[in-house]
Amino acid sequence: MSPDSFPSVAEVERIAVLTDPVARNFQITRCYHQLSLAMTVRTGFSANWCTFATWASKQAGQTIRKEDLGQALDDILQRLRVARPVMPEVADAARNLGSNRTPAEIQESVAEVLNPLAALERSSKAVARGNQKVFEEIGREFARFLELCLNDQAFDPQKLAQFCAALRPGEPPDGQQYLRQAFSRYYQAFFEPDAKTRAELMLLANIEIGFHEQTRLQPEIAAAMDAAVVDRREFRRRLIRALFPARGWLVRPRLFFLWLFDRPSPLDSVLEPLLAEARRRAHLVITEYLMTIGLPHGVRLRLGRDVPGEFPPPLQQLALSDLRALLEKIDPTPDSTRDTRVVDWADLPDRLHFIIDMFRCYQESPELFEAPFTGNGAPLR
């Protein structure tokens with residue numbers, strides 16, 4: 001396969017420094033797909049890490065672009081209408097502070113304050129940073145590996161050593177030892193005649209890169225999930241501005257002196273229930289966008305549920321000793337998808353458990369190699 005037929009290191013580096021997160025994500029997703037296809041020349045249609053990264057990046061793009069948000073948000077808000085028993089209390093508190101707004105106007109103002117779009121915006125930025133960070137490192141290494149090793153006709157230890165020498169020793173997040181190991185497995189798979197052994201080598205390499213990737217992504221994933229946490233002081237300021245759009249400058253000093261002398265304000269009784277509602281809305285929206293993975297043909301994996309499906313025949317009984325040893329280390333149920341559902345996506349071991357079994361269940365699914373976008377650049381559904 002000609003190097004001109006898959007992205008070069010220079011092309012990956014060009015994409016990685018794009019400043020527009022939407023355009024960058026589109027090109028990252030397409031580049032992952034091209035790198036994934038290039039690997040099939042030597043490994044067949046057994047999914048490599050870039051295959052899964054294609055669909056993960058496409059899913060990240062939904063969060064980055066906030067696409068389809070209108071309908072999704074309408075559906076969510078239909079389930080999260082402000083409880084009407086709270087509204088008289090909010091209206092009374094506002095009137096006690098001098099508001100002359102009607103109950104309908106107050107309800108509309110509160111709904112605006114509770115809008116979870118601000119949380120999604122914070123989450124979008126964190127996801128975009130993570131998408132760029134992983135591609136800049138791992139996408140580049142795939143391009144470099146393909147340029148150096150794809151067309152080897154015989155196993156060349158010196159060529160492999162040359163590739164690995166550029167990877168840092170040590171554990172992630174700073175070291176790249178797992179990347180060294182993973183690309184060595186891929187290189188072995190190039191020359192492995194036995195289909196089952198080749199599938200196990202591919203799975204081991206995918207898991208090792210996944211372990212490195214997820215460890216590196218921990219700060220960005222935590223930030224994306226933490227976007228649901230609404231700051232109390234900022235929420236209070238937004239509420240006052242919404243309830244007193246023209247007289248906030250008169251109300252704020254009065255509230256300040258009440259809080260200064262530890263006296264309750266009329267807003268205090270309604271602040272905590274509204275804050276809890278704001279956090280609940282933000283968490284629901286972020287979970288909807290972050291805790292799903294879309295695959296071809298409308299398949300959506302819900303991270304809060306066990307990985308659906310079964311292990312394909314080549315991966316039902318594992319013989320590779322290094323693979324079994326790694327699963328015993330990081331997979332609590334190494335031969336089952338039981339209890340793979342994620343309680344907290346920001347928890348690294350919890351997240352890895354789901355990802356490992358997703359890799360194993362879907363590795364032999366040829367549909368994962370379908371293009372993530374149509375010819376005109378629109379995302380496939």
Side-chain angles (χ1 to χ4, degrees), residues 47 49 51-64 66 68 72 75-76 79-80 116 119-120 122-131 133-134 138 172-173 178 203 206-229 279-296 298-311 315 326-363 365 368:
W49 180 87
T51 317
F52 291 104
T54 300
W55 299 99
S57 182
K58 180 174 179 283
Q59 184 69 39
Q62 179 173 312
T63 305
I64 293 167
K66 299 180 285 293
D68 298 333
D75 293 343
I76 290 167
R79 306 197 300 269
L80 286 178
L120 188 61
R122 296 192 298 272
S123 177
S124 170
K125 291 178 180 178
V127 169
R129 290 195 304 272
N131 187 232
K133 177 180 181 178
V134 169
I138 302 178
Y178 280 96
L203 177 59
N206 293 341
I207 293 172
E208 287 173 329
I209 294 183
F211 181 78
H212 175 90
E213 168 214 10
Q214 293 300 314
T215 304
R216 291 269 289 145
L217 275 178
Q218 185 60 24
E220 286 74 24
I221 290 174
M225 296 305 295
D226 286 347
V229 178
R279 287 172 173 162
R280 187 164 72 95
R281 287 170 178 244
H283 182 78
L284 183 61
V285 171
I286 289 170
T287 297
E288 179 74 18
Y289 277 83
L290 290 188
M291 296 195 69
T292 59
I293 298 176
L295 298 179
V299 175
R300 294 190 68 79
L301 306 184
R302 300 286 178 177
L303 278 57
R305 303 174 188 171
D306 288 350
V307 176
E310 299 178 349
F311 301 140
L315 299 175
L326 182 59
L327 290 180
E328 288 174 5
K329 178 181 176 182
I330 61 177
D331 187 348
T333 57
D335 287 313
S336 168
T337 60
R338 186 183 70 255
D339 296 331
T340 50
R341 60 188 178 277
V342 181
V343 176
D344 181 3
W345 191 239
D347 182 84
L348 178 59
D350 207 21
R351 191 165 73 245
L352 280 172
H353 190 196
F354 184 96
I355 291 170
I356 288 167
D357 282 313
M358 179 186 69
F359 284 174
R360 190 172 173 183
C361 279
Y362 290 91
Q363 181 175 300
S365 303
L368 294 185

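Just so you know, these numbers come straight off a predicted model, no measurement behind them. Sequential numbering from 1 along the given sequence is applied to the chain's residues.
Judged as a salt bridge (Lys or Arg N to Asp or Glu O under 4.0 Å), not a single pair has a partner in residues 348-359 (not counting sequence neighbours).
Here the CH2 atom belonging to W55 is positioned 7.5 Å from the CG atom belonging to L368, to the nearest 0.5 angstrom. Here E208 contributes atom CD and L203 contributes atom CG; the two are 9.5 Å apart, rounded to the nearest 0.5 Å. We find the NZ-CD1 distance between K58 and I293 to be 12.5 Å, quoted to the nearest 0.5 Å. A distance of 10.5 Å separates OG in S124 from CG in N131, rounded to the nearest 0.5 Å. To the nearest 0.5 Å, atom CG of residue L315 and atom CD of residue E310 are 13.0 Å apart. Going from atom CD of Q363 over to atom CZ of F52 covers 6.0 Å, rounded to the nearest 0.5 Å.
Residues R216 and V134 fail the side-chain proximity criterion, which asks for heavy atoms closer than 4.5 Å. Between I138 and H212, some side-chain heavy-atom pair lies under the 4.5 Å cut-off. Residues D331 and H353 form a side-chain contact, since some pair of their non-hydrogen atoms from C-beta on lies under 4.5 Å apart.
The ring pair (Phe, Tyr, Trp, His ring centres under 6.0 Å) test applied to Y178 returns F211, not counting sequence neighbours. E220 is linked by a salt bridge (charged side-chain N to carboxylate O under 4.0 Å, His left out) to K133, counting only residues two or more places apart in sequence or in another chain. The ring pair (Phe, Tyr, Trp, His ring centres under 6.0 Å) search around Y362 returns none, not counting sequence neighbours. Residues passing the salt bridge (charged side-chain N to carboxylate O under 4.0 Å, His left out) test with D347, sequence neighbours excluded: none. When the side-chain contact (heavy atoms from CB on, under 4.5 Å) test is applied to R305, the partners found at least two apart in sequence or on another chain are R302.
In terms of heavy-atom proximity, L352 sits nearest to G210 at CD2-O, 4.1 Å. P308 approaches C361 most closely through the heavy-atom pair O-SG, 4.2 Å. Residues A223 and R129 come closest through the heavy atom pair CB-NH2, 4.0 Å. Nearest heavy atoms, A128 versus I64: CA-CD1, 3.7 Å. Nearest approach of A224 to V127, heavy atoms of both residues: CB-CG2, 4.2 Å.
No side-chain donor-acceptor contact under 3.5 Å links T337 and D306.
Of the possible donor and acceptor atoms, one in the side chain of Q218 sits under 3.5 Å from a partner among the backbone N and O of A346.
A side-chain contact (heavy atoms from CB on, under 4.5 Å) with I356 is found for exactly one of T340, T333, L327, namely L327.
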Q) Could you walk me through whether I207 and I330 pass the side-chain contact (heavy atoms from CB on, under 4.5 Å) check? A) CA-CA 10 Å; I207 293 172; I330 61 177; 3.9 Å; yes
